[in-house]
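Take a look at the structure set out below.
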Amino acid sequence: MARCYCNYFISCVSLRYAMSGNPAVVMRLVASAYAMAEKAGAIVRRVLQSGELGIVEKTGANDLQTLADRLVQHSICASLSKSFPKITIIGEEDLPEEAVKEDLIESGQSEDILQKSCPAEYSALKEEELVVWVDPLDGTKEYTEGLLDHVTVLIGIAYGGKAIAGVINQPFFNYQLGAESADMGRTLWGMPGLGAFGFELQEVPDGRRIVTTTRSHSNKLVTDTVDAMEPHDVIRVGGAGNKIIQLVEGKASAYVFASLGTKKWDTCAPEAILHAVGGKLTDMHGSALCYDANVKHMNSAGVLATLRNHQYYASRVPQSVLQALKP
């Protein structure tokens, strides 16, 4: 009886927020992240059009940083800090503290998101309880090589170690239509308990196993695991965000990466969107990833993501791979 009363009370709180025109903190944060991701997409396109990518190697030729990475991280992190000073923000790039130009600050919010009802379990969350994971340019190597459809901007929101909301911008969605297309770029977002928006959910035809995996960070653990899934087809592309989009748009049935490489900022936003449509993202052992502020950044036990039939793919992971990848 007490639990029912609690759920009823939380629902009333959520309703009161909606009726008062004062949306829950997490909805305001998602609405802001959406606007920030849109701005980030414009920055990414502008840098590419300038021809001055400002490429530097971080740990090697497969680990690059560009001017777009730096500008977008400054833009998102400074904008978040200004609007939500009590949240914890963790960005991929290790950048020096510096003043951020006013034209990089985004203070707008998505009105469509503000109008949606917050899931009851998140309606009373406070700023200081939320952690935001930012990947300013997921698929940087592909960005420098002109594989523009691989590139995304990721903003993931976590509470209690769980990914509870995600925003993904694809700066070059529909880029094949030409630079002048008004349809270039799109932003997807989602929240478990509320749904996912900005795309049409599709599934791979029944019986087909199509695995998407890394394009440039493969090794024996990865190939052994992919082979063990007995896929009908394998798609090798860049970007964790891009791979999750393939799952929710019916181009792949599993994202398999049995190796070190991805970090929490790669997976937080995509995981939230995937969970919002009934999918699942775990490590190769089938364990949930944790997004607490103090957690290690590396996904040391790999990533396994599916829209459906997660247990099948988890059961196919070789024991030798599980022994090699410790959580």
Side-chain angles (χ1 to χ4, degrees), residues 6-41 75-91 105-135 152-170 186-199 201 241 244 248 264-265 267-279 281 291-293:
C6 181
N7 289 339
Y8 172 76
F9 174 76
I10 293 174
S11 297
C12 287
V13 171
S14 182
L15 181 61
R16 188 172 72 245
Y17 273 122
M19 293 179 66
S20 68
N22 183 18
V25 168
V26 70
M27 298 308 294
R28 291 192 286 110
L29 179 55
V30 177
S32 294
Y34 185 98
M36 293 167 194
E38 293 262 287
K39 187 179 189 72
S75 174
I76 293 174
C77 293
S79 299
L80 285 170
S81 295
K82 185 173 182 179
S83 296
F84 303 91
K86 295 180 182 179
I87 63 171
T88 298
I89 307 165
I90 304 174
I105 303 295
E106 176 58 62
S107 58
Q109 295 180 308
S110 164
E111 288 298 326
D112 286 345
I113 295 176
L114 291 176
Q115 295 301 316
K116 295 192 180 296
S117 298
C118 181
E121 61 190 302
Y122 307 135
S123 63
L125 298 184
K126 301 174 183 177
E127 276 188 37
E128 54 267 34
E129 297 177 300
L130 300 171
V131 181
V132 181
W133 295 86
V134 178
D135 189 339
T152 59
V153 176
L154 308 175
I155 305 176
I157 299 168
Y159 163 69
K162 296 181 179 180
I164 65 166
V167 177
I168 300 178
N169 178 270
Q170 284 184 289
R186 67 170 173 173
T187 301
L188 302 70
W189 72 278
M191 197 172 185
L194 184 59
F197 309 87
F199 64 95
L201 181 65
I244 296 301
V248 300
K264 296 299 187 295
W265 44 72
T267 53
C268 186
E271 178 176 339
I273 292 174
L274 184 61
H275 283 186
V277 294
L281 187 151
Y291 297 97
D292 279 334

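One-based numbering along the sequence shown.
Rounded to the nearest 0.5 Å, atoms CD1 (Ile273) and CG (Leu154) are 8.5 Å apart. Expressed to the nearest 0.5 Å, how far NZ of Lys116 lies from OG of Ser110 amounts to 8.5 Å. One distance of note links CD1 of Ile157 with CZ of Phe84; it measures 8.0 Å at 0.5 Å rounding. To the nearest 0.5 Å, atom CH2 of residue Trp189 and atom CG of residue Leu194 are 4.5 Å apart. One finds the OG1 atom of Thr88 at 11.0 Å from the CD atom of Glu129 (value rounded to the nearest 0.5 Å). Ile76 CD1 to Ile89 CD1: the interatomic distance, rounded to the nearest 0.5 Å, is 10.0 Å.
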Derivation and outcome, side chain to side chain contact (heavy atoms under 4.5 Å, CB included), residues Gln170 and Leu188: CA-CA 8 Å; Gln170 284 184 289; Leu188 302 70; 4.0 Å; yes
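Of all heavy-atom pairs between Arg186 and Gly198, the closest is NH1-O, 3.8 Å. Considering all non-hydrogen atoms of both residues, Val167 and Ala37 come closest at CG1-CB, 3.6 Å. A pairwise comparison of heavy atoms in Cys268 and Ala163 identifies O-CB, 3.5 Å as the closest pair. The minimum heavy-atom distance between Gly160 and Asp292, with the atom names listed, is C-OD1, 3.7 Å. The minimum heavy-atom distance linking Pro119 with Met27 is given by the pair CD-SD, 4.5 Å. The minimum heavy-atom distance between Pro270 and Ile244, with the atom names listed, is CB-CG1, 3.3 Å.
Side-chain contact of Glu38 with Thr187: a donor-acceptor pair under 3.5 Å is present, judged by distance alone.
The main-chain N or O of Tyr291 is found under 3.5 Å from a side-chain atom of Trp133 such that the two form a donor-acceptor pair. Of the possible polar contacts, one joining the Gln109 side chain to the Arg28 backbone as a donor-acceptor pair under 3.5 Å is found. Between the Ser81 side chain and the Ala78 main chain, no donor and acceptor come within less than 3.5 Å of each other.
With a 4.5 Å cut-off on side-chain heavy atoms, Leu29 and Leu80 count as touching.
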